[in-house]
2 protein chains.
Amino acid sequence: MGYHHGNLRSDLLARAAEVIAAEGIEALSLRGLARDLGVSHAAPSRHFDDKAALLRALGTDGSEKLANYVLSAADEAGDNPLKRYAAMGKAYIRFSLVFPAYYKAMTHPEVCAQSDAAFSASAERRRQIISDAARAAQAAGWLADEALEDVLMFSIGTVRGVSAMLADPMHHSQTASIETDLLIENIVRLIIDPDNPQRRLKPAPQKSDNQKRVSA
Amino acid sequence: MGYHHGNLRSDLLARAAEVIAAEGIEALSLRGLARDLGVSHAAPSRHFDDKAALLRALGTDGSEKLANYVLSAADEAGDNPLKRYAAMGKAYIRFSLVFPAYYKAMTHPEVCAQSDAAFSASAERRRQIISDAARAAQAAGWLADEALEDVLMFSIGTVRGVSAMLADPMHHSQTASIETDLLIENIVRLIIDPDNPQRRLKPAPQKSDNQKRVSA
DNA sequence: ATCTCAATGTAGTCAATGACAACATTGAGA
DNA sequence: TCTCAATGTTGTCATTGACTACATTGAGAT
């Protein structure tokens, strides 16, 4: 039986993701992971210089997964730049719910602060993907006169904030996924409405001529 | 000379705010605070049951400060509900920059998760203030057809997300405050534009007739 | 004036943790 | 078969949060 574990590194990351999803990042401990995997308390140090490095690796994985997740959603949405950007926004929020551990690691202050080359590269690619899509949406008429920087801060900020609120039991009752999907749908339409890119609001006090809104 | 410190409780909170602002919540330690204030390592336990309780108290203070800060900004903005809500959004984001420690404590997952009565009450009051203002803005024509729940999630989510990104050196170059003010101004106008509540976007591809946008 | 006692601070201790150093085992390839 | 880099283990230390027992203070009752 193995003195060598085989693939301790990936097992550590996988178990860390479980722990974070279940109990939060605060509850993560290197010794705890080692216990869970049946190795000695110092074994993790062979694969990660310190606790921050493990979290950074997890965050990097998450960053890449998110980029791919968002890009897939855009491609499924077709060619319309407005629909693509809306799909990306929804995917971004959903990712934070489907892969909470990756998302938490990715957005952890310590990870972002002392990021290594791999993490920075991944974050840069992600930003580029979103930035390109936003530019395309602007070219299609959405917030056409706003600076790209502002548009990005607005849309990324919104999805990030909504993700945080959906993850927080204080701000959102953790109920059925179907209601959450509708909420996401409605929120993202307030960022960008592909069916109505030029106007977000009805012209004036005028009764019921618009059925587009999804309601629970 | 005091065996009794006098007002250790408030000094602990004040010093904790300094530490958090300077080095982040992760760097906070009860023993460190005790050292900084020249008391024994167990002294803080006379005022806070545990580390989480201290953070909770700080978060509660922050929650109340934020509510007052936002309310003051609204009152300075006058009677127009749209201007009031925009002013509140800007104040919310600015609060996170002016009082980062209070804001970080207030939004810390652990604080929100196991919140006590005082924190919950403060959070509820804050939500009520924002909710009332959002309803008034809707009555004035802003997102009039949307559900209040969606409107709140959208607007609060956006200011929270933008706050997070402004605090994160990865997403925002920590430059002069004047540029940040312009950024905040532009972002909040994408949430609600008091000068143009019915429409966020220009009607179509049409060149330069709108000078309202602030640019750096 | 003194007594009482609750509030507040101190000293000592323990377990958990991250980090580090020294040593052991394994297996791939020279 | 030898070598050695990769990988795992044991031992240790400082820091920290939490707990217990004890000391000091000062306000108010007597």
Side-chain angles (χ1 to χ4, degrees), chain A residues 1-20 22-59 101 104-105 108-111 113-116 118, chain B residues 1-20 22-59 101 104-105 108-111 113-116 118:
Chain A
M1 294 306 296
Y3 187 98
H4 280 203
H5 181 279
N7 42 348
L8 182 54
R9 189 192 145 95
S10 53
D11 283 4
L12 282 168
L13 289 173
R15 179 58 188 155
E18 289 179 10
V19 172
I20 292 174
E23 311 170 60
I25 279 186
E26 318 293 329
L28 192 69
S29 95
L30 292 176
R31 291 174 101 108
L33 292 178
R35 271 194 302 274
D36 294 347
L37 298 181
V39 293
S40 76
H41 60 97
S45 71
R46 292 292 166 200
H47 301 275
F48 302 101
D49 283 349
D50 54 16
K51 194 180 176 180
L54 186 149
L55 220 48
R56 208 153 43 226
L58 203 59
K104 286 175 187 170
H108 193 67
E110 200 178 356
V111 170
Q114 34 170 336
S115 61
D116 57 10
Chain B
M1 297 305 297
Y3 186 97
H4 281 202
H5 181 278
N7 42 348
L8 181 55
R9 189 191 144 95
S10 53
D11 283 6
L12 282 168
L13 289 173
R15 178 60 189 155
E18 289 179 9
V19 172
I20 292 174
E23 311 170 59
I25 278 186
E26 316 294 329
L28 192 69
S29 96
L30 292 176
R31 293 173 100 109
L33 292 179
R35 272 193 302 273
D36 293 348
L37 299 179
V39 294
S40 78
H41 61 104
S45 71
R46 291 294 165 196
H47 301 276
F48 302 100
D49 283 349
D50 54 16
K51 192 180 177 181
L54 186 149
L55 220 48
R56 207 153 43 225
L58 203 60
K104 284 175 188 170
H108 193 66
E110 199 178 357
V111 169
Q114 36 170 338
S115 61
D116 57 10

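Chain naming here is simple, since letters A, B, ... match the order of the sequence lines and numbering starts at 1 in each. Because only heavy atoms are used, hydrogens play no part in the values below, and waters and symmetry mates are left out as well, while side chains stay in.
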| field | Counterpart residues, salt bridge (Lys or Arg N to Asp or Glu O under 4.0 Å), relative to A:Asp116 (two or more places apart) | value | A:Arg56

| task | Take the protein atom NE2 of A:His5 and the nucleotide atom P of C:dG27, then report the distance between them rounded to whole Å. | result | 15 Å

| query | When rounded to the nearest 0.5 angstrom, what is the spacing between NE2 in A:His5 and CG in A:Asp11? | reply | 4.5 Å

| d(CG, B:Leu8; P, C:dT10) in whole Å | 8 Å

| Near-strand residues of residues 45-58 of chain B, defined as heavy-atom separation under 4.0 angstrom from DNA chain D | B:Arg46, B:Asp50, B:Lys51

| query | Taking only Watson-Crick and G-U wobble pairs with both distances under 3.5 Å, what dot-bracket line describes DNA chain C, where [ ] shows pairs that cross earlier ones and | shows pairs with another strand? | reply | ||||||||||||||||||||||||||||||

| said: A quick test of your reading: do over 12 heavy atoms of other residues, nucleotides or ligands sit less than 6.0 Å from CG of A:Asp49? | reply: no

| message | Could you tell me if the side chain of B:His108 sits less than 4.5 Å from the side chain of A:Glu26, heavy atoms only? | response | yes

| message | Expressed as a whole number of angstroms, how long is the span from A:Leu33:CG to C:dG18:C1'? | response | 13 Å

| Can you list the residues that meet the salt bridge (Lys or Arg N to Asp or Glu O under 4.0 Å) rule with A:Arg15, with sequence neighbours excluded? | A:Glu18, A:Asp36

| note | Interatomic distance, NZ@B:Lys104 vs CD1@B:Ile25, rounded to 0.5 Å, equals 7.5 Å

| Which pair of non-hydrogen atoms, one from A:Ser10 and one from A:Asn7, has the smallest distance, and what is that distance? | OG-O, 3.2 Å

| said: Do B:Leu8 and B:Arg46 make a side-chain contact, defined as non-hydrogen atoms from C-beta onward lying under 4.5 Å apart? | reply: no

| query | Roughly, in whole Å, what's the span from CG in B:Asp11 to C1' in C:dT8? | reply | 14 Å

| Whole angstrom value for the distance that separates C1' of C:dG9 from CZ of B:Arg9 | 17 Å

Just the atom pairs and distances: protein N or O near nucleotides 11-16 of chain C's N or O, under 3.5 Å.
{"unit_1": "C:dG12", "atom_1": "N7", "unit_2": "B:His41", "atom_2": "NE2", "d": "3.4"}

Residues 28-35 of chain A side chain polar contacts: donor-acceptor under 3.5 Å, at least two apart:
{"unit_1": "A:Ser29", "atom_1": "OG", "unit_2": "A:Gly32", "atom_2": "N", "d": "2.7"}
{"unit_1": "A:Arg31", "atom_1": "NH2", "unit_2": "A:His41", "atom_2": "ND1", "d": "3.4"}

| request: Measure the shortest side-chain to side-chain distance between B:Leu58 and B:Val111 over non-hydrogen atoms and say whether it is less than 4.5 angstrom. | output: no

